[in-house]
Amino acid sequence: QVQLVESGGGLVQAGGSLRLSCAASGSIYSINVMGWYRQAPGKQRELVATITSGGGTNYTDSVKGRFTISRDNAKNTVYLQMNSLKPEDTAVYYCNADVRAVSWYKPFLQYWGQGTQVTVSS
């Protein structure tokens with residue numbers, strides 16, 4: 001079984017910064033893409049940023065220049081550095097990973113973390 005555990009959420013004033021972490025654990029053979037999604041109240045879950053195992057990144061337009069995604073492959077961990085936070089960034093942030101468990105012949109499956117709340121006050 002594979003688990004993703006997020007940490008680092010909290011309450012911050014507009015203009016402030018937070019750093020989210022997500023550690024994958026369990027019977028992991030390899031991890032392809034890792035990413036962060038968010039869901040604000042009354043809205044659909046949306047992509048924030050993704051990063052491949054080789055370090056290629058992708059961001060939604062609203063966070064470009066403010067957020068930075070990174071990963072430590074040796075620790076199976078992905079990070080999201082969030083700067084210049086705005087009230088509209090308030091949401092539950094979810095970690096996502098494409099994981100091949102156990103061995104090379106297993107398929108990649110998507111796993112989700114439990115979510116961490118980020119609240120930005122104006």
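Index from 1, following the sequence.
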How long is the span from the [atom1] atom in [X] to the [atom2] atom in [Y], to the nearest 0.5 Å?
{"X": "Thr119", "Y": "Gln13", "atom1": "OG1", "atom2": "CD", "answer": "13.0 Å"}
{"X": "Asp72", "Y": "Tyr79", "atom1": "CG", "atom2": "OH", "answer": "5.0 Å"}
{"X": "Glu88", "Y": "Ser62", "atom1": "CD", "atom2": "OG", "answer": "8.5 Å"}

Heavy-atom closest contact ([X] atom, [Y] atom, distance):
{"X": "Ser21", "Y": "Trp36", "value": "O-CH2, 3.6 Å"}
{"X": "Val48", "Y": "Val63", "value": "O-CG2, 3.8 Å"}
{"X": "Ala40", "Y": "Ala91", "value": "N-CB, 3.8 Å"}
{"X": "Ala24", "Y": "Leu4", "value": "CB-CD2, 3.3 Å"}
{"X": "Asn96", "Y": "Tyr37", "value": "CB-CE1, 3.8 Å"}
{"X": "Gly8", "Y": "Leu18", "value": "O-CD2, 3.9 Å"}

Does any N or O in the side chain of [X] come within less than 3.5 Å of the main-chain N or O of [Y], such that one atom is a donor and the other an acceptor?
{"X": "Ser53", "Y": "Asn32", "answer": "no"}
{"X": "Tyr59", "Y": "Ile69", "answer": "yes"}
{"X": "Asn76", "Y": "Ile31", "answer": "no"}
{"X": "Arg71", "Y": "Thr52", "answer": "yes"}
{"X": "Arg45", "Y": "Gln39", "answer": "no"}

Steps toward side-chain contact (heavy atoms from CB on, under 4.5 Å) verdict (Ser30, Trp104): CA-CA 8 Å; Ser30 64; Trp104 61 269; over 6 Å; no
Look at Asp61 together with Lys64 and state whether they make a salt bridge at an N to O cut-off of under 4.0 Å.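 Salt bridge: yes.
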With a sphere of 6.0 Å drawn around CD of Gln3, does it hold more than 12 non-hydrogen atoms of other residues, nucleotides or ligands? no
If you define the side chain from C-beta out and look only at heavy atoms, does anything of [X] sit under 4.5 Å from [Y]?
{"X": "Arg38", "Y": "Glu46", "result": "yes"}
{"X": "Leu109", "Y": "Val2", "result": "no"}
{"X": "Thr116", "Y": "Tyr93", "result": "yes"}

Going by salt bridge (charged side-chain N to carboxylate O under 4.0 Å, His left out), name the pairs with one or both residues in residues 2-27, residues two or more places apart or in two chains.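 Counting only pairs at least two positions apart or across chains, no salt bridge (charged side-chain N to carboxylate O under 4.0 Å, His left out) contact touches residues 2-27.
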State plainly whether one hydrophobic cluster holds both Met82 and Val12, where clusters connect Ile, Leu, Val, Met, Phe, Trp and Tyr through side-chain heavy atoms under 4.5 angstrom apart.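 They do share one cluster, since a chain of ILVMFWY contacts under 4.5 Å joins Met82 to Val12.
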Are Val92 and Leu85 connected in a single hydrophobic cluster, I mean Ile/Leu/Val/Met/Phe/Trp/Tyr linked by side-chain heavy atoms less than 4.5 Å apart? no
Tell me which one of Thr90, Leu11, Leu80, Leu20 satisfies side-chain contact (heavy atoms from CB on, under 4.5 Å) with Val118. Leu20
I'd like to know whether Arg66 forms a side-chain contact (heavy atoms from CB on, under 4.5 Å) with Asp89, so could you lay out the CA-CA distance, the side-chain angles of the two residues, the decisive distance to 0.1 Å, and finally the verdict. CA-CA 11 Å; Arg66 300 188 297 123; Asp89 294 318; 2.8 Å; yes
As a quick check of understanding, evaluate side-chain contact (heavy atoms from CB on, under 4.5 Å) for Val5 and Ser25, giving each step before the final call. CA-CA 8 Å; Val5 178; Ser25 63; 5.5 Å; no
Look at the aromatic rings of Trp112 and Tyr94 and report parallel, tilted or perpendicular, splitting at 30° and 60°. perpendicular
